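Comments concern the structure below.
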Amino acid sequence: MSAVRIQGVGVKLGDTQVLRDLSLTVAQGEFFVVIGPNGSGKTTLLRLLASLLSAGSDGIEIFGRQLNDYSRRELARILALVPQQVHMDFPFSVRETVLMGRSPHLGLMSFERVADLALAAEAMEFTDVSHLADRRLDQLSGGERQRVIIARAICQQPRLILLDEPTAALDPAHQIKILDLLERLRQEQDVTVIMVSHDLNLAALYGDRLLLLCDGQLDHVGPPIEVLERTRLERVYGCTMSVEADPVNGFLRISPVPARYREQID
Amino acid sequence: MTGPVMVSARFGLGGRLFLLCTVLLFVLAAVVLLGLGAGSSGVDLREAWIALVGQGESIEQTIVRRIRLPRVILAGAVGATLALGGLVFQALLRNPLAEPYILGVSGGAAVGAICGMFLGLAPFPGVSLAAFGGSMVVLSLIILVAGGQVSFRQDSLLLGGVMMNAFCGAIIMFLLAISQSTQAQKVLFWLMGDLSMITADRLPLLLSVLPCFIIILALARPMNLLLLGAESASVLGINVRLISLLLLATTSFMVSIVVSLSGLVGFVGLVIPHIFRLILGSDHRLLIPACLLGGASYLIGCDLLARLLSVGGELPVGIITALIGAPLFVFLLWRSGP
């Protein structure tokens with residue numbers, strides 16, 4: 001069974017057609033990365049899947065069931081979203097934040113049971129934030145905070161996890177740490193990962209398949225080697241690109257080429 | 001600020017809740033006894049206790065039962081309701097400065113209540129419903145002014161509230177001016193937040209806030225999630241629109257009830273949640289009971305102070321709460337600035 005199945009979906013926000021006639025499937029347990037220029041509809045697609053848009057959710061199936069048929073609570077039990085930024089006007093502790101992931105599994109009045117506390121402890125262990133459990137969220141660094149939010153998502157015990165540029169504000173070491181974590185989650189618990197990223201190199205490193213969006217339309221979907229083709233990227237992003245395989249490990253390295261180097265290539 | 005968190009590490013949530021309620025109930029009991037014992041002839045706790053539990057029939061004991069007890073009950077209920085009202089508005093608008101009085105919701109309820117009084121409606125349900133109507137109108141206007149979105153900009157929200165307060169104040173003065181009623185003086189006093197006019201026969205009206213407390217208590221965990229923003233709350237399984245509407249209506253209703261009984265008592269919903277957030281953190285499962293018990297104690301204490309400070313005549317309790325609350329508001333606003 002596919003985790004996500006989208007058929008002929010379009011989204012119009014105001015007067016702009018943000019997504020048009022999009023059809024694709026994401027297999028269970030896949031690491032799926034959505035790439036594309038600014039304003040190409042990446043985040044809209046993610047919000048659509050998380051049922052945060054009122055329009056356009058017809059034609060989407062999550063684990064074989066129409067997205068519209070899920071209640072908020074039901075959806076929260078199988079799908080978690082890691083947003084680009086979190087609000088901290090009223091800061092909670094790390095432990096409280098992670099425990100919120102249990103919400104969709106709890107009754108209205110009930111407190112968390114021992115099992116919930118254990119799951120939260122496990123999630124914090126997994127993302128290596130146990131030592132921060134009693135710290136306040138607004139006192140953490142960007143990388144630590146991101147790991148806490150991922151721990152909260154894990155605590156939801158989702159089968160599908162959506163991430164909106166989870167590594168945007170992080171240094172390379174932290175980027176790899178977060179993405180290795182997702183990779184492990186996928187391998188150990190068969191969680192499907194759909195990630196939006198601007199970082200083509202990370203997409204090449206981690207994605208099983210990539211979706212390249214351009215102006216709200218599917219440009220290409222497939223393994224990195226197919227999607228990250230130089231001429232395609234140059235056409236979609238509108239700038240000169242350099243794509244080559246890493247001599248040691250074989251993965252693709254993508255970089256835009258600044259004007260000062262362009263003559264040398266030509 | 002590691003204080004709240006240190007405590008959470010040592011006790012579970014249930015343990016903390018028990019400890020919190022025990023301490024606050026003890027404080028409440030002490031303040032109630034003081035409130036009953038204090039009078040023009042000084043504080044007599046023994047008399048108050050006998051009147052409360054025994055069958056004493058002296059004049060002093062009759063005063064305690066007939067005059068002071070209703071007043072203390074009213075102060076407790078008003079304090080609990082306003083503190084909880086502030087807490088709910090702060091969660092809904094994700095703004096620690098939101099409060100029924102500051103937002104003008106209390107003012108709207110007052111306009112409604114005065115209209116009801118001048119139309120000669122019964123205190124319940126007539127005046128209370130008119131007050132509820134007034135508060136809902138103001139609330140809708142504020143949300144419209146602030147952009148009609150779930151994410152309210154802090155400044156536009158507060159400005160909207162200031163505007164609403166000024167407007168409601170003008171309407172009230174206008175109504176008083178054209179009314180030619182002999183009641184005008186009494187209404188003015190009531191407006192400043194007055195607990196002295198309560199009689200025992202109107203106390204049952206306060207029972208209608210109890211279901212509101214229960215509804216809000218039941219929504220404690222969803223309220224935690226609302227603090228994360230509408231989208232995060234949705235993704236964690238909350239029907240944000242439904243919960244927000246329920247909370248808004250419930251809160252406006254209970255605030256309207258107490259406004260129609262006690263007038264405009266300001267800043268309780270600012271001071272009490274702020275203090276408890278410093279001590280307990282942001283978890284509403286602790287904050288709601290804390291605000292109920294703490295708010296009750298606070299207003300009974302303020303009323304006690306008002307009675308002790310007024311040598312001749314009465315000092316409205318709203319004056320005391322404003323003297324304490326307004327400087328705190330300014331301080332919080334100053335600290336939240338860039």
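If you're wondering where the values come from, they're calculated on a predicted model, not measured in any experiment. Sequence lines set the chain letters: A, B, ... in the order given, protein chains first and strands last, and positions in each chain run from 1.
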State, yes or no, whether a side-chain contact exists between [X] and [Y] at a heavy-atom distance under 4.5 Å.
X	Y	answer
B:Arg221	A:Ser103	yes
A:Leu52	B:Glu231	yes
B:Leu227	A:Phe92	yes

I need the [X] [atom1] to [Y] [atom2] distance, nearest 0.5 Å.
X	Y	atom1	atom2	value
A:Phe90	B:Asn95	CZ	CG	6.5 Å
B:Leu228	A:His87	CG	NE2	9.0 Å
B:Leu225	A:Met100	CG	CE	5.5 Å

Just checking [X]: does its [atom1] atom have more than 12 heavy atoms from other residues, nucleotides or ligands closer to it than 6.0 angstrom?
X	atom1	answer
A:Arg5	CZ	no
A:Arg65	CZ	yes
A:Glu125	CD	no
A:Gln85	CD	no

- [ ] Can you run down the side-chain hydrogen bond (donor to acceptor under 3.5 Å, both in side chains) pairs that involve residues 278-292 of chain B, sequence neighbours left out, and say none if there aren't any?
- [x]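 Checked against side-chain hydrogen bond (donor to acceptor under 3.5 Å, both in side chains) - neighbours excluded - the pairs reaching residues 278-292 of chain B are A:Glu112-B:Arg285, B:Asn224-B:Asp283, B:Asn224-B:His284, B:Asp283-B:Arg285.
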Task: Option in B:Leu17, B:Ile238, B:Val235 with maximal non-hydrogen atom pairs under 4.5 Å from chain A - done: B:Val235
- [ ] Heavy-atom distances under 4.5 Å only: say whether A:Arg77 touches chain B with side chain, backbone, both or neither.
- [x]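 Neither part; nothing is under 4.5 Å.
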Open item on the list: Minimum heavy-atom separation for B:Ser232 and A:Pro83, please, with both atom names.
Closed with: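 Shortest heavy-atom separation between B:Ser232 and A:Pro83 comes out as OG-CG, 4.2 Å.
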Task: chain A contact via B:Ala220 - which portion, at a heavy-atom distance below 4.5 Å - done: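 Contact with chain A is absent: no heavy atom of B:Ala220 under 4.5 Å.
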- [ ] Could you tell me which portion of B:Ser234 (side chain, backbone, both or neither) has an atom closer than 4.5 angstrom to a non-hydrogen atom of chain A?
- [x]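 Both parts, backbone and side chain.
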Task: Heavy-atom pairs under 4.5 Å with chain B, option from A:Ala153, A:Pro91, A:Ser71 with the top count - done: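 The residue among A:Ala153, A:Pro91, A:Ser71 with the greatest pair count is A:Pro91.
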Task: Among A:Leu75, A:Leu106, A:Leu79, residue most engaged with chain B (heavy-atom pairs, under 4.5 Å) - done: A:Leu106
- [ ] Provide the full list of salt bridge (Lys or Arg N to Asp or Glu O under 4.0 Å) pairs with a residue in residues 144-166 of chain A, sequence neighbours left out, each pair given once.
- [x] none
